[in-house]
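By convention in this document, chain letters (A, B, ...) are assigned in the order of the sequence lines, proteins followed by strands, and residues within each chain are numbered from 1. Heavy atoms only: backbone and side chains are in, while hydrogens, waters and symmetry mates are out.
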Protein chains: 2
Amino acid sequence: MRQKKSALASVTVLERLRAAGLRPTRQRLALAKLLFARGHRHVSAEQLFNEARGQRVDVSLATVYNALHDFTGKGLLREISIDSSSSYFDTNTGNHHHFYFERTGRLEDIASDQVSISALPSAPGGAEISRVDVIIRVKA
Amino acid sequence: MRQKKSALASVTVLERLRAAGLRPTRQRLALAKLLFARGHRHVSAEQLFNEARGQRVDVSLATVYNALHDFTGKGLLREISIDSSSSYFDTNTGNHHHFYFERTGRLEDIASDQVSISALPSAPGGAEISRVDVIIRVKA
DNA sequence: CCTTAATTTAGAATTATTCTAAACTGCTTG
DNA sequence: CAAGCAGTTTAGAATAATTCTAAATTAAGG
């Protein structure tokens, strides 16, 4: 069963990459598995790189950056910059918001139906809104 | 009148620095004048540095960083990190939100009464909320 | 004035990220 | 299924924003 489960996960990930028009290379498959294996996560490039290393996935840091950007470009990830020191990539690309724990730097999702924003001013000059981010900064 | 106006501005800035417990040095006074002279603004360290240079204010980049952080620490500025490439300092420290123009990187204030957020989930573990940022990203 | 602690500064150091150019590898075609 | 090419990967250099260091300067108080 372990074997099968793992094989299934690979298949899914491979399909996701194909569907996105990304060539499923060994590196992308491994990184995508780490990213999408379980529930949603928020990772920095460095974190993902270390995780891959820890699992003996031979991949360079440059490739991690490339993959994260490629995935983001294809809508598989969303990039978030909260703390200017580094950016995070969120596997949850749906409409949602975040808690940001200032002390630890950790992010936690808030389902979009938990926050309701009203009376949004229209963008100046009728410009199109590409997304609305709500970040609740928490002192803990 | 010009002289007087400028003198008044200096006095105000000097008082603000004193009130904040910051020694009003030549550099801080000059930077504070640039920052607070007119309406609210969003500046990066590099921008402020160049502006100072342009006005023959002899100040180092390190001092600009120091001043921006000191001012932020005393509540005279608020730091904003939207794009991970650099951070901005906002002279408007009141409760408000932002439009972010993705193409140009420009920020524009949105008065807090223009956005109403309801049903905020309480912070996990009863942690204290230090601030809520709403960023409306605009494709223009 | 003099002293002292705070501030400024040049330049080095650090950190995250991107770039470069060469090596490698999926995929398609013949 | 072999060949070739475009797309990928990679090591290491390069870049950009920011911070650090240690020495020189300066504001504030007696």
Should [X] and [Y] be regarded as members of a common hydrophobic cluster, given that ILVMFWY residues are connected when their side-chain heavy atoms come within less than 4.5 Å of each other, either directly or indirectly?
X	Y	answer
B:V13	B:L48	yes
B:Y88	A:Y100	yes
A:I80	A:I117	no
A:I129	A:V134	yes

(message) Between A:F89 and A:R78, is the side-chain contact (heavy atoms from CB on, under 4.5 Å) condition met? List the steps.
(response) CA-CA 6 Å; A:F89 293 85; A:R78 166 197 288 200; over 6 Å; no
- Task: Using the closest heavy atom to pick a nucleotide of DNA chain C for each, name whichever of A:S84 or B:L22 lands nearer the 5' end.
- Result: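 Nearest-nucleotide comparison on DNA chain C picks B:L22.
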The complete set of salt bridge (charged side-chain N to carboxylate O under 4.0 Å, His left out) pairs with one or both residues in residues 53-71 of chain A, sequence neighbours excluded, reads A:R28-A:D70
5'-most to 3'-most nt of DNA chain C touching chain A (<4.0 Å, heavy-atom partner on protein side) reads C:dA16 to C:dC27
Polar atom pairs (N or O), protein with nucleotides 24-30 of chain D, under 3.5 Å:
{"residue": "D:dA28", "atom": "OP1", "partner": "B:R18", "partner atom": "NH2", "Å": "3.3"}

Separation between CD1 (B:I82) and OG (A:S84), nearest 0.5 Å, reads 11.5 Å
Could you walk me through whether B:R137 and A:E128 pass the salt bridge (charged side-chain N to carboxylate O under 4.0 Å, His left out) check? CA-CA 9 Å; B:R137 299 177 163 264; A:E128 194 187 345; over 6 Å; no
Original post:
Pick from B:V57, B:L14, B:L34: which one makes a side-chain contact (heavy atoms from CB on, under 4.5 Å) with B:L29?
Top reply: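 Checked B:V57, B:L14, B:L34 against B:L29; only one passes side-chain contact (heavy atoms from CB on, under 4.5 Å): B:L14.
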Note to self: Going by ring pair (Phe, Tyr, Trp, His ring centres under 6.0 Å), name the pairs with one or both residues in residues 31-59 of chain A, residues two or more places apart or in two chains.
What the structure shows: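 Pairs touching residues 31-59 of chain A that pass the test: A:H42-A:H98.
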* To do: For B:S85, report the nucleic acid contact type (base, sugar-phosphate, nothing); a contact means any heavy atom under 4.0 Å.
  =>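 Since only primed, P, OP1 and OP2 atoms lie under 4.0 Å of B:S85, the category is sugar-phosphate.
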Would you classify A:S87 as touching base, sugar-phosphate or nothing, given that sugar-phosphate means primed atoms plus P, OP1 and OP2, and contacts are heavy atoms under 4.0 Å? sugar-phosphate
Double-helix bend of the helix from C:dC1-D:dG30 to C:dG30-D:dC1, axes at both ends from 5 pairs, round to 10°, gives 30°
- With side chains defined as the heavy atoms from C-beta onward, is the minimum distance between B:D90 and B:D109 less than 4.5 Å?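 B:D90 vs B:D109: side chains touch.
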Residues in residues 50-74 of chain B with a heavy atom under 4.0 Å of DNA chain C, by number, are B:D58, B:V59, B:S60, B:A62, B:T63, B:N66
Using side-chain contact (heavy atoms from CB on, under 4.5 Å), reason through A:V43 and A:T91 one step at a time and then give a plain yes or no. CA-CA 9 Å; A:V43 287; A:T91 58; 5.9 Å; no
Margin query: Checking B:S130 against A:E102: is there a side-chain donor and acceptor pair closer than 3.5 Å?
Written below: yes
